[in-house]
S.K.: 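Pasting a structure below so you can have a look.
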Amino acid sequence: MTHFSAPARALVRAVPASYARCLRREQVAVDPDRARAQVDEYARVLAASGVAVDTVATDEACPDACFIEDVAVVLDATLAVATRPGAPSRRAEVPPVTAALRARLARVDALSDDERATLDGGDVMRVDSTLFVGLTERTNPAGAAALARAARPLGLFTVPVPLTEGLHLKSVMSLVAPGLVVVLAGAPGQDLLRARGARVLEVDEPAGANVLALGPLVLVSAAAPRTLARLAREPGIVPRRIDVSELHKGDGALTCLSLRIPPPGGWCA
Ligand code: CIR
């Protein structure tokens with residue numbers, strides 16, 4: 001069985017000027033330049049923590065391109081699954097990222113031949129040998145079932161988590177460390193997490209529910225100071241604050257800004 005690890009590599013994608021037209025549930029104004037600077041800083045923090053960061057060229061025709069996590073699921077150091085994003089406007093993001101993954105992994109599989117199957121990477125949360133998959137506006141049961149088929153040969157068990165609110169599963173919960181998950185208070189699925197042996201830390205800040213675990217170092221949004229303080233009390237966790245406010249306006253958070261590749265024999269958040 002593979003072990004939890006910091007990523008060896010990460011792919012990021014710069015913010016296009018068209019980010020001003022990104023999908024978002026509240027039509028607040030977004031500033032692409034500010035968002036770009038925040039993604040650049042995010043990439044610098046990953047690199048400073050020892051992750052080899054590669055940038056996939058961005059595309060002005062894809063306003064949401066910086067949310068690269070949604071277009072693939074990296075299952076281990078050898079295999080990724082390219083997704084079929086639930087939002088049709090995001091499907092053109094998939095081919096260039098698939099090509100970048102093909103240059104770095106032995107295999108990148110397509111999700112499914114069934115064109116009705118949709119899956120966003122933001123709906124997939126790995127906790128040890130379980131993949132929790134949000135059933136949301138973006139990910140449907142056929143998409144979750146296709147991922148389950150791809151993951152089963154690796155010994156990964158898939159648990160669907162029906163959600164009625166929140167964009168993605170990882171908008172309301174994310175891995176902190178092996179067996180430890182932060183969850184937005186009141187979010188569904190907590191019983192499913194506990195049934196699979198996970199410990200749940202409830203947080204009361206929406207931006208605190210999406211943290212990025214890079215080994216003991218855990219990135220926490222600057223919009224979630226109470227979550228940062230709570231994680232600082234967890235043994236073995238080193239939380240670090242990072243400002244992604246302009247990405248929050250586009251319904252994004254920390255995990256969605258990169259695709260992480262573990263070292264051989266490892267898995268990562
Ligand atoms: C979208 O609506 O698809 C983007 N504006 C935000 C995607 C955020 N992705 C993620 O949390 N994994």
Side-chain angles (χ1 to χ4, degrees), residues 7 10-32 34-36 38-39 42 56 58-74 80-94 97 111 118-126 131-140 143-144 147 161 163 165-175 181-184 187 189 205-213 219-221 223-224 242 244-260 268-269:
L11 299 184
V12 299
R13 237 181 150 183
V15 175
S18 60
Y19 180 65
R21 302 192 304 275
C22 71
L23 296 176
R24 54 201 186 277
R25 289 176 300 168
E26 285 175 30
Q27 288 308 310
V28 287
V30 297
D31 179 341
R34 200 153 169 252
R36 192 173 307 117
Q38 290 178 349
V39 172
Y42 171 93
V56 180
T58 198
D59 182 351
E60 286 298 337
C62 297
D64 290 287
C66 57
F67 301 119
I68 189 172
E69 173 182 64
D70 291 323
V71 300
V73 177
V74 178
V81 176
T83 67
R84 183 180 294 106
S89 69
R90 298 202 55 191
R91 297 203 180 136
E93 296 173 36
V94 178
V97 175
L111 178 68
T118 63
L119 179 85
D120 278 16
D123 277 317
V124 183
M125 177 180 71
R126 180 165 175 170
L131 292 182
F132 292 93
V133 182
L135 300 179
T136 62
E137 279 173 29
R138 301 289 178 85
T139 296
N140 61 21
L147 183 69
V161 183
L163 289 187
E165 283 174 34
L167 178 62
H168 288 125
L169 179 70
K170 281 190 287 191
S171 311
V172 294
M173 61 182 71
S174 54
L175 186 88
V181 178
V182 278
V183 180
L184 184 62
E205 299 162 304
N210 185 279
V211 299
L212 177 56
L219 305 189
V220 181
S221 167
I242 181 162
V244 284
S245 50
E246 216 55 41
L247 291 313
H248 287 325
K249 291 180 189 168
D251 296 332
L254 290 163
T255 61
C256 56
L257 297 174
S258 58
L259 268 173
R260 282 89 43 201
C268 52

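Note that these values count all heavy atoms, side chains included, but never hydrogens, waters or copies made by symmetry. Note that ligands are numbered from 1 as they come in the structure, with each ligand's atoms numbered from 1 the same way. Quick note: residue numbers are just sequence positions, from 1.
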S.K.: I want to know if ligand 1 touches Gly250 in the polar sense, i.e. an N/O pair below 3.5 angstrom.
M.R.: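 Min N/O separation from ligand 1 is below 3.5 Å for Gly250.
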S.K.: Against ligand 1, does His168 come closer than 4.0 Å with any heavy atom?
M.R.: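 Per 4.0 Å heavy-atom rule, His168 contacts ligand 1.
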S.K.: Between ligand 1 and Thr255, is the shortest N or O to N or O distance under 3.5 Å?
M.R.: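 It does not: no N or O of Thr255 is found under 3.5 Å from an N or O of ligand 1.
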S.K.: Using distance alone, decide if ligand 1 has a nitrogen or oxygen within less than 3.5 Å of any nitrogen or oxygen in Asp64.
M.R.: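 N/O-N/O distance below 3.5 Å exists for this pair.
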S.K.: Is there a polar contact, in the sense of an N or O pair closer than 3.5 Å, between Cys256 and ligand 1?
M.R.: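 No; every N/O pair is 3.5 Å or more apart.
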S.K.: Mark yes or no for whether Tyr19, through its side chain, and Ala35, through its backbone, hold a donor-acceptor pair below 3.5 Å.
M.R.: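 No.
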S.K.: Considering residues at least two apart in sequence or located in another chain, which fulfil the salt bridge (Lys or Arg N to Asp or Glu O under 4.0 Å) criterion with Asp120?
M.R.: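 For Asp120, the residues satisfying salt bridge (Lys or Arg N to Asp or Glu O under 4.0 Å) (neighbours in sequence not counted) are Arg138.
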S.K.: Using only atom types and a distance under 3.5 Å, with no angle test, would you say the side chain of Arg260 pairs donor to acceptor with the backbone of Ser258?
M.R.: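 It does hold such a pair.
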S.K.: So, 4.0 Å and heavy atoms of Ala253: is ligand 1 close enough to count as a contact?
M.R.: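 It does not; every heavy atom stays at 4.0 Å or beyond.
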S.K.: Tell me, do Lys170 and Asp123 make a side-chain contact under 4.5 Å, heavy atoms counted?
M.R.: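 A side-chain contact is absent here, since even the closest heavy-atom pair is not under 4.5 Å.
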S.K.: Quick one: look at Lys170 and ligand 1, take heavy-atom pairs under 4.0 Å, and tell me if it's side chain, backbone, both or neither.
M.R.: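 For Lys170, there is no contact with ligand 1 at all, from either part.
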S.K.: Of the backbone atoms (N, CA, C, O) and the side-chain heavy atoms from C-beta on, which set of Arg138 has a member under 4.0 Å from an atom of ligand 1: side chain, backbone, both, or neither?
M.R.: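 It is the side chain that gets close, since no backbone atom is under 4.0 Å.
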S.K.: For residues 244-258, pull every pair meeting salt bridge (Lys or Arg N to Asp or Glu O under 4.0 Å), keeping only residues two or more places apart or in separate chains.
M.R.: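 Listed once each, the pairs are Arg25-Asp251, Arg34-Glu246, Glu246-Lys249.
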S.K.: Surrounding CD of Glu26 (heavy atoms of other residues, nucleotides or ligands, distance under 6.0 Å), is the total greater than 12?
M.R.: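 Open.
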S.K.: In the protein, what heavy atom is nearest to atom 8 (C) of ligand 1, and what distance, to one decimal place, separates them?
M.R.: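 Looking only at protein heavy atoms, the one closest to atom 8 (C) of ligand 1 is Asp251 O, 3.5 Å.
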S.K.: Can you list the atoms of ligand 1 that are under 4.0 Å from a heavy atom of Glu69?
M.R.: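 Reading through ligand 1 atom by atom, the close ones are 12 (N).
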S.K.: Could you check whether atom CD of Glu137 has more than 12 heavy atoms from other residues, nucleotides or ligands sitting under 6.0 Å from it?
M.R.: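 Open: at most 12 neighbouring heavy atoms sit under 6.0 Å from CD of Glu137.
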S.K.: Under a 4.0 Å N-O cut-off, is there an ion pair linking Glu93 with Arg13?
M.R.: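 Here Glu93 does not pair with Arg13 in a salt bridge, since their nearest N and O are not under 4.0 Å apart.
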S.K.: Taking 4.0 Å as the limit for heavy-atom contacts, which would you say applies to Asp70 with ligand 1: side chain only, backbone only, both, or neither?
M.R.: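 The side chain, only.
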